[in-house]
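Quick note: numbers below take in every heavy atom, side chains included, and nothing from hydrogens, waters or symmetry partners.
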Amino acid sequence: MADPKGFMTTPRRDWPRRPVEERVRDWDEVYVPGALLPIVSRQADRCMDCGIPFCHDACPLGNLIPEWNDLVSREDWRAAADRLHATNNFPEFTGRLCPAPCEAGCVLAINQPAVTIKNVECAVADRAWELGFSPPRPPDRLSGRTVGVIGSGPTGLAAAQQLTRAGHTVVVYERDDRIGGLMRYGIPEFKMEKRHLERRVEQMRAEGTKFRTSVAVGRDVGAAELRSRHDAVVVATGATAWRELHVPGRELAGIEQAMAYLPLANRVCEGDIEASPMSAAGRHVVIVGGGDTGADCLGTAVREGAASVTQLDIYAQPGAERDEENDPWPTYPKVYRLSAAHEEARDLESAPLADSDARLFAASTLRFTGDAAGRVRFLHLVEVDSDRRPRPGTGRAIPADLVLLALGFSGPDREDGLIGQLGLELEPRGTIARDAGFATNVPGVFAAGDAARGQSLVVWAIAEGRAVAAAVDRHLTGSSRLPAPISPYDRPMTV
């Protein structure tokens with residue numbers, strides 16, 4: 001504990017964002033470049049190095065948070081990077097994309113703003129790359145065993161890196177033309193620039209991991225054939241079966257799924273296309289769904305020049321403080337949060353009909369109406385109570401030229417043939433069934449990540465990848481020294 005009084009003398013300071021008017025004119029990350037390093041050591045000083053660090057339990061990776069906080073406080077970047085990478089393959093991903101359940105579990109958060117754990121993590125990861133503390137780590141010798149990993153999201157990449165470093169020959173199969181899964185085409189550039197992803201992929205290539213892009217297992221190559229090529233297979237395809245909205249007028253043109261919209265904007269940033277065919281430019285956009293994907297659509301629509309953009313959240317607006325009865329510490333609380341995208345919409349007044357920033361809370365979609373050409377023109381909504389029952393007399397219509405459905409995902413895609421060809425059993429909710437060792441009903445086939453757990457966070461995805469790697473290594477060799485931070489049945493802390 002570098003400063004025993006740091007939590008009393010130093011207020012919380014977050015990584016500052018660039019001015020709204022500046023950042024909405026580009027696709028660069030929203031934070032001020034270089035502004036984190038001057039403040040992060042003092043912020044790490046605020047860590048109390050608790051006797052029982054609940055941040056460990058709140059983080060499924062078991063990140064050694066007090067240890068690297070202390071090292072950052074002393075500006076020992078090499079040691080901090082070593083401790084950080086001991087539990088997390090991709091801390092620059094989690095440092096940018098994770099909602100930080102560790103901060104909700106910070107002991108300081110009982111009566112003060114939590115330590116800026118996420119910012120410290122990101123600073124260590126970036127500093128490690130700058131100072132050359134993240135070199136490739138190829139294995140000393142090969143095991144002679146091969147593993148096929150289907151899917152290159154955070155779960156697939158973490159599993160592949162762990163297994164490669166253990167000495168197995170790993171091939172990652174990705175149906176898109178680039179590696180990264182939803183991190184590549186689902187996460188907007190302003191949340192995480194893809195150079196961070198490219199850097200890790202190159203590191204993995206140097207370690208020996210092989211990548212095969214534009215290969216949809218089940219369509220381009222038979223799942224059974226792929227199984228025969230490898231000693232083990234990890235299914236990490238994610239939960240890509242999006243949920244639908246079954247209301248009158250859904251068939252109208254201009255009503256799109258969020259995950260059909262976001263990849264096009266990312267392809268513009270990649271230089272693949274000049275403009276998105278679904279661009280929000282000059283259109284009245286309504287986003288149905290109050291989660292992170294909806295916020296990603298919001299920030300994207302603002303940058304594309306939408307005439308207006310409104311986000312509907314079926315839940316009531318949460319309070320600014322933790323509800324100690326329903327969300328007691330150290331659980332992750334449902335409180336009002338202002339993401340970068342919501343801040344932009346608020347400051348630019350992009351949603352004139354919204355209650356707060358761009359969001360209409362406690363709002364449920366009733367139907368859509370369109371014009372003679374069959375294009376959507378209005379979304380009809382009603383306010384609802386805590387049980388989602390309509391409040392009489394609250395119905396209204398809002399302009400909608402483009403509607404984006406961001407309602408989450410129900411499980412892996414069943415239409416590509418992978419699940420059927422392998423004969424994988426499914427849980428009632430649509431996810432892949434597995435046992436306590438991540439193994440499916442098919443010998444040698446393992447399932448991990450959102451495909452088996454269900455829609456979750458990037459930090460859980462990486463933890464799943466590390467854990468399934470240990471299970472596969474044990475299956476191939478009889479034992480494993482790889483860490484397994486979670487079991488298939490672990491869940492976030494709740495009341």
Atom pair [atom1] ([X]) and [atom2] ([Y]), whose distance is rounded to the nearest 0.5 Å:
| X | Y | atom1 | atom2 | result |
| --- | --- | --- | --- | --- |
| Thr293 | Met259 | OG1 | CE | 7.0 Å |
| Leu402 | Ser279 | CG | OG | 9.0 Å |
| Leu312 | Ile287 | CG | CD1 | 9.0 Å |
| Trp242 | Phe409 | CH2 | CZ | 8.0 Å |
| Phe93 | Cys98 | CZ | SG | 13.5 Å |
| Phe90 | Gln161 | CZ | CD | 4.5 Å |

Applying salt bridge (Lys or Arg N to Asp or Glu O under 4.0 Å), which residue pairs with at least one partner in [range] are found, sequence neighbours left out?
| range | result |
| --- | --- |
| residues 286-299 | Lys191-Asp296 |
| residues 410-423 | Arg175-Asp413 |
| residues 228-241 | Glu225-Arg229 |
| residues 234-245 | Glu244-Arg250 |

Below 4.0 angstrom, N of the basic side chain to O of the carboxylate: do [X] and [Y] qualify?
| X | Y | answer |
| --- | --- | --- |
| Asp473 | Arg145 | no |
| Arg178 | Asp272 | yes |
| Arg377 | Asp371 | yes |
| Lys194 | Glu270 | no |

Evaluate the side-chain proximity of [Y] to [X]: yes if any heavy-atom separation is below 4.5 Å, no if none is.
| X | Y | answer |
| --- | --- | --- |
| Glu174 | Phe211 | no |
| Leu381 | Ile398 | yes |
| Glu193 | Asp28 | yes |
| Thr365 | Val403 | no |
| Leu157 | Ile179 | yes |
| Arg184 | Glu198 | yes |
| Ile314 | Arg388 | yes |
| Val124 | Arg127 | no |

Minimum heavy-atom distance Ile65-Cys102, with the two atoms named:
CD1-CB, 3.7 Å
Closest contact, heavy atoms only, Pro318 versus Phe361:
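For Pro318 versus Phe361, the nearest heavy atoms are CD-CE2, 4.0 Å.
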[X] (side chain) donor-acceptor with [Y] (main chain) under 3.5 angstrom:
| X | Y | result |
| --- | --- | --- |
| Glu425 | Thr440 | no |
| Thr431 | Ala451 | no |
| Thr209 | Arg205 | no |
| Ser487 | Tyr489 | yes |
| Asp387 | Arg389 | no |
| Asn119 | Trp15 | yes |
| Arg429 | Gly411 | no |
| Asp220 | Val217 | no |
| Glu207 | Arg137 | yes |

Applying ring-ring contact (aromatic ring centres under 6.0 Å, His included), run through Phe133 and His85 and close with a yes or a no.
CA-CA 10 Å; Phe133 298 156; His85 284 98; 9.8 Å; no
Hydrogens and angles aside, do [X] and [Y] bring a side-chain donor and acceptor to less than 3.5 Å of each other?
| X | Y | value |
| --- | --- | --- |
| Asn63 | His56 | no |
| Tyr261 | Glu304 | yes |
| Asn88 | Thr94 | yes |
| Arg165 | Gln162 | no |
| Trp68 | Glu121 | no |

Walk me through it: do His380 and Thr369 pass the test side-chain hydrogen bond (donor to acceptor under 3.5 Å, both in side chains)?
CA-CA 8 Å; His380 299 259; Thr369 54; 2.9 Å; yes
Charged tip of Arg267 within 45° of Tyr185 ring normal and under 6.0 Å:
yes
Ring of Phe190, cation from Arg23 - is the NZ or CZ under 6.0 Å from the centre and inside 45° of the axis?
no
May I have the list of side-chain donor-acceptor pairs in residues 457-472 shorter than 3.5 Å, sequence neighbours left out?
| from | atom 1 | to | atom 2 | distance (Å) |
| --- | --- | --- | --- | --- |
| Glu464 | OE1 | Arg434 | NH1 | 2.7 |
| Glu464 | OE1 | Arg434 | NH2 | 3.3 |
| Glu464 | OE1 | Gly449 | N | 2.8 |
| Glu464 | OE2 | Arg434 | NH2 | 2.9 |
| Glu464 | OE2 | Arg453 | NE | 2.6 |
| Glu464 | OE2 | Arg453 | NH2 | 2.9 |
| Arg466 | NE | Thr87 | O | 3.2 |
| Arg466 | NH1 | Asn89 | OD1 | 2.7 |
| Arg466 | NH2 | Ala86 | O | 3.0 |

Among Val147, Val171, Val149, Thr169, which residue satisfies the side-chain contact (heavy atoms from CB on, under 4.5 Å) criterion with His230?
Val171
Under the side chain to side chain donor-acceptor pair (under 3.5 Å) rule, collect the residues that match up with Ser410, sequence neighbours excluded.
none
Would Glu103 and Lys118 count as a salt bridge (Lys or Arg N to Asp or Glu O under 4.0 Å) here? Give the steps.
CA-CA 8 Å; Glu103 294 187 16; Lys118 178 177 172 177; over 6 Å; no
